[in-house]
Every structure is written in structure tokens, then in C-alpha cells.
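Values reported hereafter were calculated over all heavy atoms of this structure, with side chains retained and with hydrogens, waters and symmetry mates removed.
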Amino acid sequence: MLWFLLVLFFFGIIFGAIARLLVPGPDPMGIVGTWALGVAGSFVGGFLGYLIFGADLDDGAVQMGGIFGSIIGSIVLLLIVRSVRGGRRRAA
């Protein structure tokens, strides 16, 4: 269980940081926000990849499509967070 949490933390930070680097603009979030972005993006990317391509665990636990899907999912979530935060700032 501890190994799973360490891997989740490590890859969450990596995918969240890559998404923040690829999408220009200000992102007022700390390391916890970056981690949450990466973990949630991995779930979104994995779910969409499963729906589109139908891959499962028989294909292996770590796949290049999963890595790219995690990054794309993190980018999509980052854009959603920006649009929600931007909408609140304009309304206030």
C-alpha cells in the first residue's frame, strides 16, 4: 500500500507539472494542487483511453498511451480549472 501511495504521489507531481508547463499562463496553485491535478488527470486520461481504445490491465500496467492520456487529462482539467476560476473573478 505504501508503494502505491509513493508511486501515485510521484507520478501525480510529474503529470501535473508537465501540464502546467505545457499550458502557458498563471496557475496559483502549490505543490498539493499540482499533485491533485496530476492524479485527477491520470484518472480522466485513463478513463477516456479505456472508453476510446478499450485497453485493459491485460495489456500491461504502464503503457505509453496511459502516460500521454494522463498528461492530456491533466491539461484538460487545468483548462477547466482556469475557466471556472476565471469566471468567478470576472463575476466578483
Side-chain angles (χ1 to χ4, degrees):
M1 182 69 172
L2 180 62
W3 179 251
F4 172 74
L5 293 175
L6 290 174
V7 169
L8 184 68
F9 181 76
F10 176 75
F11 283 111
I13 291 287
I14 297 295
F15 295 144
I18 290 172
R20 289 182 64 188
L21 286 172
L22 291 176
V23 179
D27 295 311
M29 66 176 75
I31 195 164
V32 174
T34 302
W35 170 77
L37 175 71
V39 171
S42 293
F43 283 118
V44 169
F47 180 70
L48 291 176
Y50 175 76
L51 287 178
I52 294 170
F53 301 112
D56 57 14
L57 288 177
D58 293 336
D59 296 332
V62 178
Q63 304 168 14
M64 286 305 289
I67 292 171
F68 290 121
S70 296
I71 294 170
I72 291 170
S74 297
I75 289 172
V76 167
L77 285 179
L78 180 59
L79 293 173
I80 291 171
V81 166
R82 281 187 182 177
S83 70
V84 169
R85 283 186 180 172
R88 281 195 219 149
R89 285 188 197 147
R90 282 185 230 125

Worksheet entry | Summary of side-chain hydrogen bond (donor to acceptor under 3.5 Å, both in side chains) pairs that have at least one residue in residues 37-47, sequence neighbours excluded | Ser42-Ser70

Worksheet item: What pairs meet the salt bridge (Lys or Arg N to Asp or Glu O under 4.0 Å) rule with one or both residues in residues 67-78, with sequence neighbours excluded?
Response: none

Donor-acceptor pairs are to be reported for all side-chain atoms of residues 14-23 against protein atoms at under 3.5 Å, with residues two or more places apart or in another chain.
residue: Arg20; atom: NH1; partner: Met29; partner atom: O; Å: 3.2
residue: Arg20; atom: NH1; partner: Thr34; partner atom: OG1; Å: 2.6
residue: Arg20; atom: NH2; partner: Asp27; partner atom: O; Å: 3.0

Can I get a per-line list of side-chain donor-acceptor pairs under 3.5 Å for residues 4-12, giving both atom names and the distance, sequence neighbours left out?
none

